[in-house]
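These notes concern the structure reproduced below.
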Amino acid sequence: MKKVLSFSLMLILGLVLSQTLPGVMGEGYAPLSDAVYMLLGTCLAFIMINVGREFELDKSNVGSYVKDYCVAMLAAAAPWILIAVYYIFFLLPPEFWTSGDAWKETLLLSRFAAPTSAGILFSMLAALGLQQRWIYRKIQVLAIFDDLDTILLMIPLQIAMIGLHWQMGVILFVVIGLLYFGWQKMSAFKMRQEWWAIMIYAIVVFGLTHVIYVVTEHMFGHDDALHIEVLLPAFVLGMVIKREHSESKSDEAITTAISLLFMLLVGMSMPQISASVNSAGNSIMASQPMPSWGVIALHVVAVSVLSNIGKLVPMLFYRNHSIKERLALSIGMFTRGEVGAGVIFIALGYNIGGAALLISVLTLVLNLILTGGFVLIVKRLAINSYRD
């Protein structure tokens with residue numbers, strides 16, 4: 001519980017700093033902003049490598065995972081679509097309801113609600129002694145699969161933002177190549193897995209993607225630069241590492257500290273609210289007037305409810321288990337965390353700002369605060385279903 005609350009506090013602190021530091025530091029804020037971007041990308045790569053390390057499948061029995069992947073995909077798609085529709089019809093005026101550009105922006109930004117926080121969820125359920133329950137084992141599979149689905153679907157969303165340029169072909173080639181390599185070499189390489197080793201891998205992955213961007217920007221200009229996000233390369237790298245399950249307490253502590261730093265940096269990356277409204281060159285979402293804080297709070301509650309309603313999809317499946325078990329499984333999927341924050345970070349790269357961005361961040365904070373309650377409900381339902 002302390003870990004989850006710490007994530008929320010760091011995100012809130014980062015958000016406060018993003019609104020105050022530019023005014024306090026003036027021109028000196030630009031170098032800090034660049035450093036935040038570099039650190040943020042490296043921390044995201046670190047987190048995604050660890051998510052990839054969690055991805056373990058029995059390749060001799062792939063068919064048994066098809067249903068689970070379909071359920072996870074639906075559980076990721078439902079909140080995403082619900083929130084995208086909400087952003088379009090409740091945050092934009094009618095003239096944008098049929099705008100392709102507006103839909104592209106909202107579909108990208110609303111994807112933050114799709115992934116379940118596997119790391120937070122697994123550690124909390126394990127602490128409550130639920131490792132041997134069907135719910136725990138099934139949530140492990142579904143949470144990893146919906147993280148994977150989020151990563152994969154980010155690719156066409158980014159392609160939609162870029163348009164039909166040569167970069168699309170290159171990105172597709174890279175994606176297909178990475179997926180093929182990850183599947184063929186899953187858990188094939190014995191590599192050092194201490195936190196410092198994973199950090200080195202993360203620095204290399206982020207460094208390579210950033211160098212590709214800088215070189216292509218120099219050659220073709222800012223608008224035609226090739227921007228390969230770290231999500232998939234880092235995830236695939238984690239997939240091919242043969243995981244060791246004996247992590248030291250110091251490794252766990254430092255990994256948690258890096259996740260906390262990541263949440264702080266996500267908050268610090270938010271644009272200034274006053275500067276993101278009606279500024280030239282910004283997105284459709286960023287150009288809309290900023291509502292009052294009371295209205296924003298109502299939007300946050302509504303988006304939180306919609307995102308969690310969407311995560312109830314697993315209740316419609318696994319009919320051989322009781323309704324309490326299926327409800328516990330679904331509520332376990334409510335937890336949000338680093339991958340969702342990573343999606344918000346990517347949306348920032350496309351200048352998607354305004355009220356929708358702020359609502360997304362605050363919704364993430366609210367869900368983090370509520371995570372402890374969600375997990376306790378899962379435990380109670382699991383125990384009651386066992387007694388029944």
State whether the side chain of Lys311 and the backbone N or O of Ala114 hold a donor-acceptor pair below 3.5 Å, judged by distance alone. yes
Is any side-chain heavy atom of Ile254 closer than 4.5 Å to one of Met199? no
Gap separating the CG atom of Leu260 from the OG1 atom of Thr255, nearest 0.5 angstrom: 11.0 Å
Pro93 side chain near Gln288 side chain, heavy-atom distance below 4.5 Å: yes
Where Ala84 and Ser110 come nearest, the two heavy atoms and their spacing: CB-OG, 3.4 Å
Tell me whether Trp195 contacts the main-chain N or O of Glu252 through its side chain, where contact means a donor paired with an acceptor under 3.5 Å. no
Going only through I, L, V, M, F, W and Y residues with side-chain contacts under 4.5 Å, is there a path from Tyr213 to Phe173? no
Does Phe96 form a side-chain contact (heavy atoms from CB on, under 4.5 Å) with Asp101? I'd like the steps, not just the answer. CA-CA 9 Å; Phe96 290 112; Asp101 288 337; over 6 Å; no
Just how far is it from atom OG of Ser360 to atom CD1 of Ile83, taken to the nearest 0.5 Å? 7.5 Å
Flag if over 12 foreign heavy atoms under 6.0 Å of OH, Tyr29: yes
Are the side chain of Ser330 and the backbone N or O of Met315 linked by a donor-acceptor pair below 3.5 Å? yes
Considering all heavy atoms, the nearest Leu82-Leu306 contact: CD1-O, 3.5 Å
Applying side-chain contact (heavy atoms from CB on, under 4.5 Å), run through Leu40 and Phe262 and close with a yes or a no. CA-CA 6 Å; Leu40 187 56; Phe262 174 73; 3.4 Å; yes
Atom CD of residue position Glu27 - does it have more than 12 heavy atoms of other residues, nucleotides or ligands inside 6.0 Å? no
How close do Thr363 and Ser304 get, heavy atom to heavy atom, and via which atoms? CG2-OG, 3.2 Å
Going only through I, L, V, M, F, W and Y residues with side-chain contacts under 4.5 Å, is there a path from Leu32 to Val24? no
Please examine the side chains of Leu17 and Leu264, heavy atoms only from C-beta on, and report whether any two atoms are closer than 4.5 Å. yes
Measure across Phe112 and Leu364 and return the closest heavy-atom pair with its distance rounded to 0.1 Å. CE1-N, 4.4 Å
Report yes if the side chains of Gln193 and Tyr201 come closer than 4.5 Å at any heavy-atom pair, otherwise no. no
Is the ring pair Tyr86/His299 parallel, tilted or perpendicular, if the boundaries are 30 and 60 degrees? perpendicular
Separation of Leu237 CG from Lys185 NZ (nearest 0.5 Å): 14.5 Å
Could you check whether atom NZ of Lys242 has more than 12 heavy atoms from other residues, nucleotides or ligands sitting under 6.0 Å from it? no
Answer with yes or no whether the hydrophobic clustering places Ile212 together with Val170; edges join I, L, V, M, F, W, Y residues whose side-chain heavy atoms lie under 4.5 Å apart. yes
Lys138 side, atom NZ; Arg326 side, atom CZ - distance, nearest 0.5 Å: 13.5 Å
Minimum heavy-atom distance between Asn367 and Phe334, given as atom pair plus value: OD1-O, 3.8 Å
For residues Val66 and Trp183: do they belong to one hydrophobic cluster (side chain heavy atoms under 4.5 Å, members Ile, Leu, Val, Met, Phe, Trp, Tyr)? no
Once you round to the nearest 0.5 Å, how far does CD1 of Ile241 lie from CZ of Arg192? 12.5 Å
May I have the step-by-step check of side-chain contact (heavy atoms from CB on, under 4.5 Å) for Val230 and Leu208, ending in yes or no? CA-CA 9 Å; Val230 300; Leu208 286 174; over 6 Å; no
Are Met48 and Ile200 joined in one hydrophobic group, where the rule is that I, L, V, M, F, W and Y side chains link up if heavy atoms are under 4.5 Å apart? yes
Restricting to non-hydrogen atoms, name the atom on Pro291 and the atom on Ile296 that form the minimum distance, rounded to 0.1 Å. O-CD1, 3.8 Å
Worked check of side-chain contact (heavy atoms from CB on, under 4.5 Å) between Leu329 and His321: CA-CA 11 Å; Leu329 179 65; His321 291 270; over 6 Å; no
Sole candidate of Asp149, Asp146, Val313 that passes side chain to side chain contact (heavy atoms under 4.5 Å, CB included) when paired with Leu74: Val313
I want to check something: taking the side chain as every heavy atom from C-beta on, are Tyr65 and Phe145 in contact at a cut-off of under 4.5 Å? yes
State, with a plain yes or no, whether a side-chain heavy atom of Phe206 is found less than 4.5 Å away from one of Leu44. no
Between Trp80 (side chain) and Gly310 (backbone), is there a donor-acceptor pair under 3.5 Å? no
I want to check something: taking the side chain as every heavy atom from C-beta on, are Met285 and Leu108 in contact at a cut-off of under 4.5 Å? no
Interatomic distance, CG@Leu362 vs CD1@Ile12, rounded to 0.5 Å, equals 8.0 Å
When you compare the side chain of Asp68 with that of Tyr318, does any pair of heavy atoms fall below 4.5 Å? yes
